[in-house]
Amino acid sequence: MKHTGRHTGAFLLLFLAKGPTYGGDLLQRCEQELPFNPIDSAILYRTLKKLEEEGFVTSIVTTSPQNKMVKMYQMTSSGRAQLDRFHEDIEQKLQNLLYFQTHYAKQVKSDG
């Protein structure tokens, strides 16, 4: 079963909580900081578009120090509230996953 990046929005908002940045930087952070990274550029930009449509992120086009046009993304106050909801949801999922891991180790591995 392949992991599909269903928490991509949560990770992007988490990275944007540190301040505005552009898509390439977000992709690089995903590649460097996530141990099991299911996020490619198509997923990243699709998720950023959805976050923007939902009002969790805003973007502006600006000029980089190298005189290139870049789209900068920034989390909104609604995005901050959504990040808090993601945190609660992930915390609950972690509890369930911990239950699975604990019982797997006791029941399946011991039968072995």
Side-chain angles (χ1 to χ4, degrees):
M1 179 181 294
K2 186 178 179 190
H3 183 66
T4 59
R6 63 187 161 270
H7 294 106
T8 302
F11 287 112
L12 296 180
L13 288 176
L14 182 65
F15 293 147
L16 287 169
K18 291 186 177 183
T21 193
Y22 59 99
D25 181 58
L26 290 168
L27 185 60
Q28 184 177 17
R29 291 186 65 191
C30 290
E31 291 169 352
Q32 293 175 346
E33 297 181 32
L34 300 179
F36 299 99
N37 178 30
I39 302 168
D40 61 22
S41 62
I43 291 170
L44 180 125
Y45 286 107
R46 191 170 40 247
T47 305
L48 284 170
K49 182 178 179 185
K50 183 176 181 204
L51 290 171
E52 193 165 15
E53 289 169 354
E54 293 172 339
F56 302 142
V57 168
T58 59
S59 66
I60 60 165
V61 177
T62 188
T63 306
S64 73
Q66 297 81 20
N67 283 332
K68 289 178 157 181
M69 299 301 284
V70 293
K71 192 172 192 178
M72 296 291 288
Y73 295 91
Q74 181 172 347
M75 183 170 54
T76 65
S77 58
S78 295
R80 175 57 204 211
Q82 179 61 27
L83 181 60
D84 292 341
R85 288 188 292 273
F86 276 135
H87 175 262
E88 289 178 28
D89 179 60
I90 290 170
E91 184 65 36
Q92 291 170 359
K93 284 178 175 51
L94 281 171
Q95 300 273 332
N96 287 338
L97 293 171
L98 182 58
Y99 173 88
F100 177 89
Q101 290 295 80
T102 301
H103 287 79
Y104 176 83
K106 289 178 185 174
Q107 295 171 355
V108 178
K109 283 204 156 196
S110 64
D111 292 343

* Stepwise, does the side-chain contact (heavy atoms from CB on, under 4.5 Å) test hold for His7 with Lys93? -> CA-CA 11 Å; His7 294 106; Lys93 284 178 175 51; 3.8 Å; yes
* To do: Answer with yes or no whether the hydrophobic clustering places Leu34 together with Ile43; edges join I, L, V, M, F, W, Y residues whose side-chain heavy atoms lie under 4.5 Å apart.
  => yes
* Structure fact -> residues 26-46 vs salt bridge (Lys or Arg N to Asp or Glu O under 4.0 Å), sequence neighbours excluded, gives Arg29-Glu33
* To do: Give me the other members of the hydrophobic cluster that Ile60 sits in, counting Ile, Leu, Val, Met, Phe, Trp and Tyr linked by side-chain heavy atoms under 4.5 Å, directly or via other members.
  => Tyr22, Val70, Met72
* Asked: Would you say the side-chain atoms of Thr76 pair up with the backbone N or O of Gly55, donor to acceptor, closer than 3.5 Å?
  -> yes
* Just how far is it from atom CD of Gln32 to atom CG of Leu27, taken to the nearest 0.5 Å? -> 10.0 Å
* **Verdict with supporting geometry, Leu16 and Leu26, side-chain contact (heavy atoms from CB on, under 4.5 Å)** => CA-CA 8 Å; Leu16 287 169; Leu26 290 168; 4.3 Å; yes
* Atom of Ala10, atom of Ile90 and distance for their closest heavy-atom approach -> CB-CD1, 4.0 Å
* Mind checking whether Phe11 and Tyr45 sit in one hydrophobic cluster, side chains of I, L, V, M, F, W, Y counted as touching below 4.5 Å? -> yes
* If you measure from CG on Leu14 to NE2 on His87, what distance do you get to the nearest 0.5 Å? -> 10.0 Å
* Are His103 and Tyr99 close enough that their ring centers fall under 6.0 Å? -> yes
* Before accepting this row, confirm whether a basic side-chain N of the pair Asp84/Arg80 lies closer than 4.0 Å to the acidic partner's carboxylate O. => yes
* Out of curiosity, Leu97 CG to Thr102 OG1, how far, rounded to the nearest 0.5 Å? -> 10.5 Å
* To do: Given side-chain contact (heavy atoms from CB on, under 4.5 Å), test Met69 with Thr63 step by step and report yes or no.
  => CA-CA 5 Å; Met69 299 301 284; Thr63 306; 3.7 Å; yes
* From Asn96 atom CG to Glu91 atom CD, the distance as rounded to the nearest 0.5 Å -> 11.0 Å
* To do: Measure the spacing between CD of Glu88 and CG of Leu83 and express it to the nearest 0.5 Å.
  => 10.5 Å
* Asked: If you measure from CG on Leu13 to OG on Ser78, what distance do you get to the nearest 0.5 Å?
  -> 11.0 Å
* Mind checking whether Cys30 and Leu12 have side chains closer than 4.5 Å, heavy atoms only? -> yes
